[in-house]
Student: 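Following this message is one structure expressed as C-alpha cells.
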Amino acid sequence: MRKILSTLFLAGASSAVFAGAVGNQVITANPLTQDAAANSSVSVGIDYNTEPVDETLSGLGLRVHFDSGKLTFNSATYGPDATSDQQPVSGPTDDADDFDSNPDTDQFIILSWVNLGGNFPGKDPATLASVDFTTAADFSGSTTVNFSASSTPPGFQLGPNSATITSDGSNPVDPVDPVDPVDPVDPVDPPPVLDNIVGQSADDAESALRAAGYTTVNVVFQDSSASPGTVISETQNPATGVATITIARTPFAPNLAQPIPSLSSFGLLLLTPLLGLVVMFRRKK
C-alpha cells in the first residue's frame, strides 16, 4: 500500500515540475555550521517550513547528500513532527547523477513523508528528522551536507539550505591499539601429600618433598633405635607448603665412669694390710 501511495505522490510531483512551481518547501540544516573533531559523532537536524505557509500538502521526498570520505552515515531519526507520515529510510546510495550538483558529495540517503489526506506536516514550521554521522579519522578542513528533492507536492519545489561541518583543529585521532588483557595468574596448585616418606633417608625424603612443591622442609633429629639418618616421622602441610621430617640418630652411650672413692674409704684400704701385720706379730710372741 505504501509503495502505491509513494507512486501516486511521485506522479503528482512530476506533474508539478512541468506545471511550474508556485511555492517552496524550505529545508534548513540545524545547525547550519558546526565544528567537529576527527573520528567523532556529529548530528544534522532537518527543519522545515513552507513559503507561502501551507500545512495541507501531500508530503516530501528528501535526499541527504554527504561526502563518504569525510562522513560515515550512522542513522536517521524521524521526528518530532510528521512522524505518522514517515517512510522507511533508503540508502546510502551512490550519487552517480549528482542530484545536488556537488561532485564532492558522493552518496545520499532518502527520507520521505506521504500524506494523501493533505495534512503534511500538520504544523509549519516543523522539525522533520535528524541524521547522525561519524567524521573520518583524518577529518580536516570542512565538508557539507546538502539536500535535494526526490519528490515534491504539485506546485512546490525544494528550497534547501546546506549544513557545513568544519574541523575544530584537533589532531586526527590515531586508532589506539587494543591493550591486551592481562592474563590472570593461574593459581598454584598445592603440593600433594606424599606417602612412604617414613623409612627413607633424610636426603631422599627432602628431595622428594621439594620436587613435589614444598618450599620449606624442616629437619628435626631424635634419638631412636631406627637406622640412623632415616625418617621416623613426618608432617606435610600442602596449604602452606611446609613439611617437617624427623630423622633418627644413635642415642648417646650411658656414662660408665666409676665414682672416685671418698677419703674415708681410701684410708680404710690402706689400714687393712697394716692390721694384718699387727695380728701376725702378736701370734709370734
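A quick note: this is a predicted structure, and the numbers were derived from the prediction, not measured. Counting begins at 1 with the first residue of the sequence.
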Student: Under 3.5 Å, side-chain donor or acceptor atoms of residues 189-196 against the rest of the protein: list the pairs with distances, not counting sequence neighbours.
Tutor:
none

Student: Any chance you could measure T230, atom OG1, to D204, atom CG, to the nearest 0.5 Å?
Tutor: 11.5 Å

Student: Could you work out, with side chain to side chain donor-acceptor pair (under 3.5 Å) as the rule, every residue matching T143, not counting sequence neighbours?
Tutor: none

Student: Does the plane of the ring in H65 sit parallel, tilted or perpendicular to the ring in F99? Use 30° and 60° as the thresholds.
Tutor: tilted

Student: Kindly indicate whether the side chain of T244, heavy atoms from C-beta on, has any atom under 4.5 Å from the side chain of E234.
Tutor: no

Student: If the condition is salt bridge (charged side-chain N to carboxylate O under 4.0 Å, His left out), which residues does E206 pass it with, not counting sequence neighbours?
Tutor: R210

Student: Looking only at heavy atoms, which two atoms of K70 and S140 are closest? And how far apart?
Tutor: NZ-O, 3.8 Å

Student: Using 0.5 Å steps for rounding, measure from the CG atom of L128 to the CG atom of L62.
Tutor: 8.0 Å

Student: Roughly how far apart are I245 CD1 and N218 CG, rounded to 0.5 Å?
Tutor: 9.0 Å

Student: Between V44 and L158, is there a shared hydrophobic cluster once you connect ILVMFWY residues whose side-chain heavy atoms come closer than 4.5 Å?
Tutor: yes

Student: Sort and list the pairs that fulfil salt bridge (charged side-chain N to carboxylate O under 4.0 Å, His left out) and have at least one residue in residues 112-128, not counting sequence neighbours.
Tutor: D81-K123

Student: How far apart are the closest heavy atoms of A163 and P31, and which atoms are they?
Tutor: CB-O, 4.0 Å

Student: Taking the side chain as everything from C-beta on, heavy atoms only, tell me whether P153 gets closer than 4.5 Å to Q25.
Tutor: yes

Student: Could you state the interatomic distance from OG1 (T72) to CG (N39), rounded to the nearest 0.5 Å?
Tutor: 9.0 Å

Student: Do P103 and D98 have side-chain heavy atoms sitting under 4.5 Å apart?
Tutor: yes

Student: Between N161 and I27, is any pair of side-chain heavy atoms under 4.5 Å apart?
Tutor: no

Student: By ring-ring contact (aromatic ring centres under 6.0 Å, His included), which residues pair with F66, not counting sequence neighbours?
Tutor: F133

Student: Under the side chain to side chain contact (heavy atoms under 4.5 Å, CB included) test, which residues partner S162, sequence neighbours left out?
Tutor: N146

Student: Side-chain heavy atoms under 4.5 Å apart, restricted to Ile/Leu/Val/Met/Phe/Trp/Tyr: what other residues fall into the cluster of V26, or is it alone?
Tutor: none

Student: Return yes if some donor-acceptor pair links the side-chain N/O of Y78 with the main-chain N/O of S112 below 3.5 Å, else return no.
Tutor: yes

Student: Could you tell me which non-hydrogen atom of P125 sits nearest to which non-hydrogen atom of N49, and how far apart they are?
Tutor: CB-CB, 4.1 Å

Student: Can V89 be reached from F108 by stepping across I, L, V, M, F, W or Y side chains whose heavy atoms are under 4.5 Å apart?
Tutor: no

Student: Test D95 against Q107 for side-chain hydrogen bond (donor to acceptor under 3.5 Å, both in side chains), laying out the working first.
Tutor: CA-CA 5 Å; D95 190 10; Q107 290 189 338; over 6 Å; no

Student: Going by the rule ring-ring contact (aromatic ring centres under 6.0 Å, His included), which residues pair with F73 if we only count those two or more places apart in sequence or in a different chain?
Tutor: none

Student: Do V231 and V220 land in one hydrophobic cluster if side-chain heavy atoms of ILVMFWY residues count as linked below 4.5 Å?
Tutor: no

Student: Between T246 and F221, is the side-chain contact (heavy atoms from CB on, under 4.5 Å) condition met? List the steps.
Tutor: CA-CA 6 Å; T246 301; F221 291 92; over 6 Å; no

Student: Taking only residues at least two apart or on different chains, which pairs with a member in residues 22-60 satisfy ring pair (Phe, Tyr, Trp, His ring centres under 6.0 Å)?
Tutor: Y48-F120

Student: Using every non-hydrogen atom in the two residues, find where A38 and T135 come nearest and quote the distance to one decimal.
Tutor: C-OG1, 3.4 Å

Student: When rounded to the nearest 0.5 angstrom, what is the spacing between OG1 in T83 and CH2 in W113?
Tutor: 11.5 Å

Student: Less than 3.5 Å apart, any donor N or O on the side chain of D35 or T166 sitting next to an acceptor on the other?
Tutor: no

Student: Can you sort out the partners of D97 under side chain to side chain donor-acceptor pair (under 3.5 Å), two or more places apart, ordered by chain and number?
Tutor: none

Student: Of all the heavy-atom pairs spanning I110 and S150, show the shortest one and how long it is.
Tutor: CG2-OG, 4.0 Å

Student: If only side-chain N and O atoms count, and only distance matters, is there a donor-acceptor pair under 3.5 Å linking D85 with N115?
Tutor: yes

Student: Using side chain to side chain donor-acceptor pair (under 3.5 Å) as the criterion, list what pairs up with S68, not counting sequence neighbours.
Tutor: D106

Student: Pairs in or reaching into residues 53-68: which pass salt bridge (charged side-chain N to carboxylate O under 4.0 Å, His left out), with residues at least two apart or in two chains?
Tutor: none

Student: Calculate, to the nearest 0.5 Å, the distance between atoms CD1 and CD belonging to I165 and Q34 respectively.
Tutor: 5.0 Å

Student: Using the side chain to side chain contact (heavy atoms under 4.5 Å, CB included) rule, pick out the option among L111, V145, T127, N30 that qualifies with I46.
Tutor: L111

Student: Closest approach of F139 and A37, non-hydrogen atoms and distance?
Tutor: CD2-O, 4.3 Å

Student: Applying the 4.5 Å side-chain criterion to the ILVMFWY set and letting contacts propagate, would V242 and I197 be lumped into a single cluster?
Tutor: no

